[in-house]
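What follows is one structure encoded as structure tokens, with my remarks underneath.
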Amino acid sequence: RLSPLTTFEPSAGIMSSDESKVEGKVDGKAEGKDPTPLQSDGMIPAPKSSDEQESEGEATSPRRVTFDGAARKMRQEREEKEREEQEAARGGGGLSWMRYLDVIGVLMIGVAMLGPHIMGDGSNKPPVLDVVELDQSFYKTVLYPDKPDWDKYGPNDQNVSWAVFFHKPYCGACRRVRPIFHALARTTNSSEHLRFGSVDCVKYRVFCQRERVNREPLIRIYQALPPSPAPPLVGAAEGKGKKKSKGFARRGVVDWQGMLVAYEVLGWFKSLTTYGGPLEGKSISWAGDDELSQAMDAFKKSKLHTGQKLDSAATSMGHLESKGYLTDLDSAMLLGLVDDVFGGFEVLEGKRLVVLVNWLETLAHTHPSREMRERLWQLRSALGQRDLWNPKSYQNLLDQWGLRKGDEPPPTGEDSAGLPSKHYKWCRSNEPGQGGYPCGLWILFHSMLANSDVKRAHLTLYIIYEWVQNFYGCVECAANFNQEWEENDGPDQRGHIETSLWLWRVHNMVRARLTEEDDGISPKPQWPSPSECAMCLSKHGRQRLGLPTLPRDLGQPSAQGAMDGAFSEAEIKAASLAASEGTPVEVLDAAKASLAEDPVWRPGDWDEDFVFSYLQETFCAGSDTLNCGGFVDEQD
């Protein structure tokens with residue numbers, strides 16, 4: 001390799017590195033000797049013969065010492081023999097200690113040079129077949145490899161393509177894709193051609209934004225870019241100072257976003273190896289259907305795709321303390337301000353900005369705490385002062401408001417140690433999709449409607465719908481919510497009672513659909529359970545579940561009657577308590593178990609007058625809004 005001081009001159013040829021070093025000395029001299037002169041043609045002169053050197057030496061040196069060649073050779077042989085005899089006498093085995101050091105030195109150099117190729121990152125084990133959970137390593141492992149020979153327990157050179165699964169923990173569609181993705185990673189023994197990784201787009205949203213991942217789940221294939229000559233340095237002379245490229249880079253070449261079934265995902269991967277596909281010509285052997293099915297089943301049993309076992313607090317909307325939901329709704333609200341605000345967009349502007357401003361204004365009217373309502377109005381006012389926000393300016397705004405980067409609540413009900421998170425109480429669960437952010441959002445929505453007045457209720461419901469369509473990170477969930485909105489006359493709902501009951505119906509429809517479609521989660525029974533609100537079940541519902549019929553002479557107070565003041569909250573609560581206390585606990589438990597085993601939405605099972613009263617009683621606890629004042633029982 002040429003020395004940095006090597007120059008290229010058309011008339012001077014190429015100088016050796018030794019000459020260039022000499023030339024770099026002061027006045028072109030080194031240790032008092034003149035540098036080797038160039039011939040007239042610019043080339044280095046040929047070395048002189050021994051006769052020429054001897055004659056030159058006689059002419060230039062005043063005194064020369066000569067040795068007889070034969071005598072010098074005999075002397076060297078005798079000294080070498082004496083050293084070998086001395087080593088043999090010491091038990092050296094015929095090799096001197098100097099030679100042992102030479103051998104060891106050569107071995108150490110060999111290990112240093114070949115070690116990364118043989119042992120990789122310190123392990124001589126075969127590649128690990130699994131999905132690599134990528135964090136900050138996404139850039140230095142996939143996009144710009146800094147260990148191109150071996151990284152993350154597998155090869156990582158230019159021949160390796162990466163299949164990266166972008167997901168969010170609370171995304172139901174992501175949970176349905178994860179088992180087949182992990183099964184492919186664990187059964188496809190072609191690490192020299194294809195490896196598998198995943199990125200959490202909640203925890204590492206900045207990576208997903210830079211990669212313009214605007215919806216999840218998404219699988220993207222990354223391949224090495226073809227080599228290209230690096231441009232010369234700015235101001236460098238022609239032929240000089242060329243920048244040598246280090247390593248290589250990968251870029252996304254093809255995406256998958258399709259049907260959430262295993263055979264569709266498998267078919268897409270197989271298509272990559274066909275003619276014209278990015279993996280064409282790669283010798284990749286896909287596992288058979290039975291082997292993949294077994295791998296998927298093993299993965300689902302490991303609970304890695306959902307986390308931990310569901311606890312009772314997340315099974316229904318039951319709670320340990322009446323005001324615990326306030327913690328959950330605040331956590332969901334704060335995470336919603338950062339999770340998918342940009343969603344693959346470079347800036348926040350236009351309609352999406354208007355929706356977010358309206359969302360903050362609605363929260364500033366319906367949040368249960370006056371202090372937080374004032375803070376939300378301040379944030380809404382600041383956000384509305386500009387027509388465009390980029391991620392940096394938006395984060396600076398949140399920092400000033402008090403929500404600093406990295407301080408937002410987690411998307412699941414567990415902390416980094418796997419323990420129940422302090423950010424959730426009613427939705428406390430360390431299982432993605434069970435509890436956590438989605439559960440907290442439902443609580444937030446119900447609370448917003450409970451704290452709305454008659455005039456604002458339909459606007460509040462519409463703003464909830466708009467926010468879900470633009471800012472909820474699970475795109476499939478947003479699409480399903482839009483379907484429910486259109487099929488169940490969401491735009492036509494008016495008034496406080498209608499909007500609250502509409503959201504409750506849709507909530508139970510979603511719970512029924514998830515139980516039917518997502519086998520990765522525990523059944524989601526209809527809510528509320530008989531033990532939470534016995535009066536909420538109709539006569540038909542109680543009979544179907546084996547509960548005794550309530551005496552109709554209780555004069556069941558209606559929701560409208562409660563709103564009109566015909567019945568006090570205490571009377572409504574007393575009627576519900578009488579219904580539950582009049583039923584044995586084992587019967588209530590059996591009814592709850594029946595709902596869990598058959599969580600189908602049946603409108604006829606419910607007495608909606610009492611359901612509305614239950615919603616108001618539940619989501620007005622701890623609220624200081626005017627609308628909730630009549631539903632708060634301070635003796636509770």
Side-chain angles (χ1 to χ4, degrees), residues 133 166-178 198-205 208 216-217 300 303-321 323-341 343 403 406-448 464 467-468 471-478 480-481 507-508 510-511 513-515 517-525 527 619:
E133 300 295 335
F166 294 94
H167 66 95
K168 290 187 175 179
Y170 60 80
C171 171
C174 300
R175 292 196 305 272
R176 294 169 64 183
V177 175
R178 189 187 297 273
S198 68
V199 176
D200 183 339
C201 286
V202 172
K203 192 173 184 180
Y204 304 104
R205 69 177 60 90
C208 300
E216 295 84 12
K300 288 191 289 185
K303 292 293 183 182
L304 292 176
H305 69 307
T306 52
Q308 93 305 333
K309 191 174 181 180
L310 180 67
D311 65 19
S312 58
T315 302
S316 68
M317 300 293 286
H319 49 278
L320 300 176
E321 54 179 302
K323 300 177 183 179
Y325 78 98
L326 297 172
T327 300
D328 302 61
L329 71 85
D330 274 343
S331 295
M333 180 189 70
L334 295 176
L335 184 56
L337 292 177
V338 296
D339 172 48
D340 209 51
V341 170
L403 182 57
D407 291 344
E408 64 268 16
T412 61
E414 68 171 346
D415 58 20
S416 57
L419 300 175
S421 171
K422 64 179 182 180
H423 296 282
Y424 300 97
K425 292 187 177 180
W426 286 20
C427 298
R428 182 172 294 174
S429 171
N430 51 358
E431 180 176 350
Q434 303 283 2
Y437 184 45
C439 173
L441 280 178
W442 280 113
I443 289 177
L444 176 62
F445 298 159
H446 286 297
S447 173
M448 291 171 69
I464 290 173
W467 183 88
V468 170
F471 296 109
Y472 188 44
C474 177
V475 178
E476 185 200 29
C477 304
N480 288 328
F481 192 83
H507 189 177
N508 272 328
V510 171
R511 293 172 70 87
R513 179 180 54 79
L514 289 175
T515 301
E517 297 179 358
D518 193 346
D519 60 355
I521 62 175
S522 302
K524 291 177 174 287
W527 165 72
F619 294 109

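Only this structure's heavy atoms are used, side chains among them; waters, hydrogens and symmetry mates stay out.
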Residue set satisfying side chain to side chain donor-acceptor pair (under 3.5 Å) with N508, at least two apart, ordered chain then number -> none
> Between R205 (side chain) and V338 (backbone), is there a donor-acceptor pair under 3.5 Å?
Replying inline: yes
Would you call the rings of Y325 and W426 parallel, tilted or perpendicular, taking 30° and 60° as the class edges? tilted
d(Y472 OH, I464 CD1) to nearest 0.5 Å is 14.0 Å
Taking every heavy atom of Y437 against every heavy atom of G336, the minimum-distance pair comes out as OH-CA, 3.3 Å
Applying side chain to side chain contact (heavy atoms under 4.5 Å, CB included) to A173 and not counting sequence neighbours gives C171, P217, L260, E476
Within-4.5 Å side-chain heavy-atom neighbours: I443 and C427: yes
dist R511:CZ -> W527:CH2 (nearest 0.5 Å) comes out at 8.5 Å
The side chain to side chain contact (heavy atoms under 4.5 Å, CB included) partners of V475 (sequence neighbours excluded) come to R215
NZ of K524 to OG1 of T515, rounded to nearest 0.5 Å, is 7.0 Å
Across all chains, not counting sequence neighbours, the side chain to side chain contact (heavy atoms under 4.5 Å, CB included) partners of L444 are L329, M333, W359, L363, L441, M448
L335/H423 under side chain to side chain contact (heavy atoms under 4.5 Å, CB included): CA gap, chis, key distance, verdict: CA-CA 11 Å; L335 184 56; H423 296 282; over 6 Å; no
Residues passing the side chain to side chain contact (heavy atoms under 4.5 Å, CB included) test with D200, sequence neighbours excluded, are H167, P169, V202, K203, Y204
On a heavy-atom basis, the closest approach of S447 and F619 is CA-CB, 4.0 Å
C474 meets the disulfide (SG to SG under 2.5 Å) criterion, sequence neighbours left out, with C477
- Task: Examine distances only and state if a side-chain atom of R428 and a backbone atom of G435 form a donor-acceptor pair shorter than 3.5 Å.
- Result: no
May I ask you to decide if the ring planes of F445 and W442 are parallel, tilted or perpendicular, using 30° and 60° as cut-offs? perpendicular
Correct closest heavy-atom pair for C208 and V199 would be SG-CG1, 4.0 Å
The side chain to side chain donor-acceptor pair (under 3.5 Å) partners of S331 (sequence neighbours excluded) come to none
inquiry  = Donor-acceptor pair, distance only, cut-off 3.5 Å: does the side chain of Y424 make one with the backbone of P410?
reply    = yes
Do D328 side-chain atoms and K425 backbone N/O form a donor-acceptor pair below 3.5 Å?
yes
By side chain to side chain donor-acceptor pair (under 3.5 Å), S198 pairs with (sequence neighbours left out) E133
Taken to the nearest 0.5 Å, the spacing of K168 NZ from C201 SG works out to 6.5 Å
